[in-house]
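Before any comments, here is the structure.
The shown structure was predicted, so the numbers you read here are calculated from the model rather than taken from an experiment.
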Amino acid sequence: MNIADLRKSYEKAELNENASHADPLKQFEQWLQEAIAAEVPEPNAMTLATVASNLRPSTRVVLIKGCDERGIVWYTNYESQKGHELAGNPFAALQFHWVELERVVRIEGRVEKVSDEESDAYFHSRPLDSRIGAWASPQSQVIEGRTVLVTNAAKYAAQFMLKPPRPPHWGGYRLVPDSWQFWQGRKSRLHDRLRYTQTGEQWLRERLAP
């Protein structure tokens, strides 16, 4: 089949100004809970886009681990590609795509590290294998093969036993939103698309053409 012939009609729901929240965080929390309730695969998965010093963008999928009025939180290796890119350019974009609900959420803003206390608390809540994995993987670096990871995991498991500390190179980031977009698929490609932009202490809600 020609890939250009792949098409889908979006007809599950609608999004309008009157039925949406004036606060984008509340709108996001509602949609996230609906995605969880609908049992879509990995509703907490989000694409993270960063830009390097050479202005080349890159994306990867990470998992949201918290959201409140302060922003959207995820955890990773600070020495990874995304970590280096955020150190040089502390702005990023996130995207959630809940295919089964025909919904997309886009979030943009400044990125900061979460506190050591927050990173410690989350790290120690993780399964033991995941905590060991944070030590074992030199994320984004070239390695000779999977044996490197397995060997590192065995080494750190023997070293730390059941109580691995949080690595100094591992912790959380928080994106502080200044722009949100909510997209709901509609029939005939006349999709609903609402944008929220911050204006002082308030949020300006506008409809964009799809």
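- Aromatic ring centres of F182 and F28 lie farther apart than the 6.0 Å criterion allows.
- Between E85 and Q81, the side chains place a donor N or O and an acceptor N or O closer than 3.5 Å (distance only, hydrogens not considered).
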Discussion item. Working note: M46 + W74, criterion side chain to side chain contact (heavy atoms under 4.5 Å, CB included); need CA distance, chi angles, decisive distance, verdict.
Written reply: CA-CA 10 Å; M46 58 187 185; W74 69 95; 3.8 Å; yes

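- When atom types are taken as modelled, the side chain of Q95 and the backbone of I107 share no donor-acceptor pair closer than 3.5 angstrom.
- Between W31 and W98, the two ring planes are perpendicular [angle over 60°; tilted spans 30° to 60°].
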Worksheet item: So E118 and R70, salt bridge (Lys or Arg N to Asp or Glu O under 4.0 Å) or not? Walk me through it.
Response: CA-CA 13 Å; E118 290 176 271; R70 296 174 298 168; 3.6 Å; yes

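- Every residue two or more places apart in sequence or in another chain that forms a side-chain hydrogen bond (donor to acceptor under 3.5 Å, both in side chains) with R207 is listed here: E17, D192.
- Aromatic ring centres of F123 and W170: separated by under 6.0 Å.
- A distance of 9.0 Å separates CG of L25 from CH2 of W203, quoted to the nearest 0.5 Å.
- A cation-pi contact, defined as under 6.0 Å to the ring centre and within 45° of the axis, links K113 to Y78.
- To the nearest 0.5 Å, atoms CG (L48) and CG (L175) are separated by 8.5 Å.
- Hydrophobic cluster of L149: the remaining members, joined at side-chain heavy-atom separations below 4.5 Å, are I143, V148, listed by chain and number.
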Discussion item. For a side chain to side chain donor-acceptor pair (under 3.5 Å) check, start with the C-alpha distance between R60 and T50, then their side-chain angles and the critical distance, and finish with the verdict.
Written reply: CA-CA 9 Å; R60 73 288 290 159; T50 55; 3.0 Å; yes

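- Taking the six-membered ring where the residue is Trp, W135 and H169 present perpendicular rings, their angle passing 60° and hence far from 30°.
- Side-chain atoms of Q184 and K12 include no donor-acceptor pair closer than 3.5 Å.
- If you check the side chains of H21 and Q30, you find a donor sitting under 3.5 Å from an acceptor.
- Under 3.5 Å, the side chains of S179 and Q198 contain no donor-acceptor pair of N or O atoms.
- The closest side-chain heavy-atom distance from Y173 to L86 is below 4.5 Å.
- For W183 and Y10, the ring centers sit closer than 6.0 Å to each other.
- From K26, atom NZ reaches atom CD of E69 across 11.0 Å, with rounding to the nearest 0.5 Å.
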